[in-house]
Every structure is written in structure tokens, then in C-alpha cells.
2 protein chains.
Amino acid sequence: MPKLGMQPIRRAALVKATIAEIGEAGSLDVTVSKIAKRAGVSSALAHHYFGGKQDLLVAAMRHILSVYGAAVRRALAGAKTPRARIDGIVAASFAPGQFEPAVIAAWLNFYVQAQSAPGARRLLAVYQARLRSNLVHALRPLAGDRAPEIAETLAAMIDGLYIRHALGAAPDGQGATARVAACLDGLLGEGA
Amino acid sequence: MPKLGMQPIRRAALVKATIAEIGEAGSLDVTVSKIAKRAGVSSALAHHYFGGKQDLLVAAMRHILSVYGAAVRRALAGAKTPRARIDGIVAASFAPGQFEPAVIAAWLNFYVQAQSAPGARRLLAVYQARLRSNLVHALRPLAGDRAPEIAETLAAMIDGLYIRHALGAAPDGQGATARVAACLDGLLGEGA
DNA sequence: ACTTTGATTGACTCGTCAATCAACAAAAAC
DNA sequence: GTTTTTGTTGATTGACGAGTCAATCAAAGT
């Protein structure tokens, strides 16, 4: 079987298996052996393609974030009006895919990691900055100078609603979108 | 040295040490030995007073939540107007004590635990329900029928802003209180 | 004095897991 | 046809950590 060009295939499989394992465990307390077994290889191979357990976990987190980033970009591409841009960002953040157990587990553990792991903190900062930038850009025509602070408020609402829906009874984002919209209307309604 | 009535003292010391250790590690990946050493006792004693590591961690989480609950209750006691009640809840949620590294670590890991540990999930549900109840009660005179949904929105904002401040550059809650107030004004401003 | 009882520990067991290594298989290169 | 490169694993190691236990110590009760 050992054909050429296995590297990217194995890496992808291992990352996928890592995410699945994290989702099943709910935490980063996963073993390399279990991951490797799920990917259909030996644990030694996981160490071969990734330096060690840490690198595997980082790669998994990075993959999750890149998927989310791509969804946001896709949502923004098809939006013409400022309001549609905001709605797109919100919709992407509350898309069904974001509420898969593995994705929820990844995000929550990412927050935990961001406390102490400089790499994770930096990555989180990048994604938060990008989100804020997108929101400010969309809000500028609607709110003028108040765009930055409203963006911060919306970003916090997105995070807060996500966690509440992720850990609450409703396993999807139903209602969250409407709640953000109502809040935005309220904030835009009152003049400077 | 072995006097009588050491049980509560040791338990308290062990809980305190556990929280400190969690704060230092940033995660629940702490060893009983380290905790016991920090509390000035042997690891065997930790197993003696608590059944095992799990119980120790649960006790620590429970303590953190009870401290927060007490702070909220204290804030509500000295508030007379509905608006003062809301401000009190918000102020308690963003009090300096809530942003100590150990407390932040506890909350973030509590979210992680709530995914899969039924006990943690139940505890979280209780505290969220209590927060929502307090908010609805305070909002009723101000918003009438819309109190429940506005409460949900405020609760999400509190959670979201907390996480952003906990993991962001600002290690305190400065600005968060004002942002909640502005959002609330917006939501109350527009009629049904 | 003697016994019971709570407090306390050091030493030990047992399991787990990350990481390493030597070796083997298959394809490619020469 | 040999050598090199790439893919792959089983077995092993070394460390670490949770939980147990028998034994010790000091006070309180009788």
C-alpha cells in the first residue's frame, strides 16, 4: 500500500481524527493513540508527521478556525448592502456547522488555551480583530463614529449567544440571529 | 499537632489551593500532589478528605460559583430601583474579583466541563436561571412583556463581554458596564 | 493507664501515556 | 539489481500521577 504522497493525506486524516476525538472527549484530554487509531494508523506515525501531541492539537485548532474564517468570507462575498454584511457575519457565526459538538468543544477549549498558550492567544486576537474589522466596516455607513463601539457590543453578543446556545437546551442558533438584529436596531435607533 | 476539628480547615485549605493551582495551570490539568503541597499537607490527606480528584475539582468550582452568587445577592440587597438592580447585577459580574486569573480559569474550564459532565451542566443551568430570573424581575417594570427576551439579551452580553475582557488586553471590566447600559437603553428605547 | 478515634503521612502499586527506536515494506532512482 | 527514499509499525521505555494501605502520632474519653 505505501504509495507516494501520503503526507498530506495522513496529516488531514490525523487532524480530522483529532477534532473528532476532542469532540467526543469534550476536552483536550485526548491520547495520541486514540487519535491515531481513529485515523487508521499507528501512534508512531502521528509522532512522525507531527512533532508531538502539542503540534497535533494546534493543527486541529487552526483547522477549525480556518473553516470558520472561510464561512465568514463566503458570507461577506455575497452581501451588497451594509446591513446584509452584518447579517452575513451573524449568520455565519450561528450556522449549524458551528454547533456540532466537536466544533463547540474546540472553541471552548480554545478559550481555555488562550489564557496561557501564547500561540492560541495570538490566534484568537487575530480572529477577533478580523471580526471587529468586518463589523466596523459594515457599520460605518450606518453608525458613523459610533461604529467601533457598536461593533464591540455586537461581537460580545455573538460570543455570548454562541456560548449560551452551545451549552443550553437549544443545540442550534435559532433565535440568536433575531436577538442580535433587535439589539442592533436598538443601538442604531438612538442618535449620538 | 493533630487537634480535633481539622476537617473544615483542611477542606477549605485544599479548595483554596485547588483554585490557586487551577489559576496557575489555566486548566484542570492539575495534580493532587501539587494541590496538597500548596495546602501544606500530603496528597494522601487530600484523598482522605475528598473522595478523589474529581470531588476536589467539583468542590473548587462550587466554591467559585457560590462566591459569585453571594456577590450578586449583596449587590441586589442594596438596590432600590429596578434600574439599580440591573446595574447591581452587571457590576457584580464585572467586579475586579471576577477577573483574577484563577477565577477566569475556573469559569472557562467550567464551560468546558459543562459540555459533558452532567453535574457541571446542572450547576451552570442553575446559575444561568438565577441570573435570568433576577434580570427579568428587575426588567418587568421597565419593559413589561418584553422583559424575558431583553433579559436573555443582557445575559448573553454579560457572558460575551466577560470572556472578551478576560481574554483581551484589558484585564478588568472597565467599559463593559457602560456598554451593557447603552445596549439596554437602546432596547428599552424602542416600543413594542 | 488504657483505649478509642481523628489526623496524618511515606511508601507502594498500578495504570496510562508520550515519545523513541529499530526494523520492515514498497516504490523510485540510478 | 542495488541503493535510496518514503511510509509504516510493534515493541519498548521512561516518566508521571491517582489512589491505597499500613503505620504513626496526639489528643480525648474512661
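Because the structure is predicted, anything quoted here is derived from the model rather than measured. By convention in this document, chain letters (A, B, ...) are assigned in the order of the sequence lines, proteins followed by strands, and residues within each chain are numbered from 1. The figures that follow rest on heavy atoms only: side chains count, while hydrogens, waters and symmetry mates do not.
Among residues at least two apart or in separate chains, side-chain hydrogen bond (donor to acceptor under 3.5 Å, both in side chains) pairs with a member in residues 56-72 of chain A are A:Tyr68-A:Ser93.
Around CZ of A:Arg121, the count of heavy atoms belonging to other residues, nucleotides or ligands within 6.0 Å exceeds 12.
Rounded to an integer number of Å, the gap from B:Lys37 NZ to D:dC16 P is 12 Å. Atom CE in B:Met6 sits roughly 14 Å away from atom C1' in D:dC25 (whole-Å rounding). Between the CG atom of A:Leu45 and the P atom of D:dT6 there is a distance of 15 Å, rounded to whole Å. Rounded to whole angstrom, the span from the CG atom of B:Leu57 across to the C1' atom of D:dA18 amounts to 12 Å.
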Expected rows: protein N/O vs nucleotides 28-30 of chain C N/O, under 3.5 Å:
none

Between the protein and nucleotides 12-14 of chain C, which nitrogen or oxygen pairs are less than 3.5 angstrom apart?
none

Chi angles and distances behind the side-chain contact (heavy atoms from CB on, under 4.5 Å) call for B:Leu139, B:Leu154 | CA-CA 10 Å; B:Leu139 279 167; B:Leu154 284 189; 4.3 Å; yes

Test side-chain contact (heavy atoms from CB on, under 4.5 Å) applied to A:Leu131 and A:Tyr127, step by step = CA-CA 6 Å; A:Leu131 172 60; A:Tyr127 274 83; over 6 Å; no

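Residues B:Leu161 and B:Phe94 meet the side-chain proximity criterion, which asks for heavy atoms closer than 4.5 Å.
Residues satisfying the side-chain hydrogen bond (donor to acceptor under 3.5 Å, both in side chains) criterion with B:Ser27, sequence neighbours excluded, are absent altogether. In this structure B:Ala181 satisfies the side-chain contact (heavy atoms from CB on, under 4.5 Å) test together with B:Arg83, sequence neighbours excluded. Residues forming a side-chain hydrogen bond (donor to acceptor under 3.5 Å, both in side chains) with A:Arg164 (at least two apart in sequence, or on another chain): B:Asp159. Among residues two or more places apart in sequence or in another chain, the side-chain contact (heavy atoms from CB on, under 4.5 Å) test is passed with A:Asp55 by A:Phe50. Evaluation of the ring pair (Phe, Tyr, Trp, His ring centres under 6.0 Å) rule for B:Phe99 yields B:Tyr162 as partners, not counting sequence neighbours. Among residues two or more places apart in sequence or in another chain, the side-chain hydrogen bond (donor to acceptor under 3.5 Å, both in side chains) test is passed with A:Asn109 by none. In this view, A:Glu100 satisfies the side-chain hydrogen bond (donor to acceptor under 3.5 Å, both in side chains) rule with no residue, not counting sequence neighbours.
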In the 5'-to-3' direction, what one-character label does each nucleotide of nucleotides 17-22 of chain C receive under the scheme B = base within less than 4.0 Å of a protein heavy atom, S = sugar-phosphate only, - = no such atom?
-> SSBBB-

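Here B:Glu21 pairs with B:Arg38 in a salt bridge; the nearest charged N to carboxylate O distance falls below 4.0 Å.
Residues of residues 7-28 of chain B having a heavy atom closer than 4.0 Å to DNA chain C, listed by number: B:Gln7, B:Arg10.
OP1 or OP2 of C:dT8 sits under 4.0 Å from a side-chain N or O of B:Tyr49.
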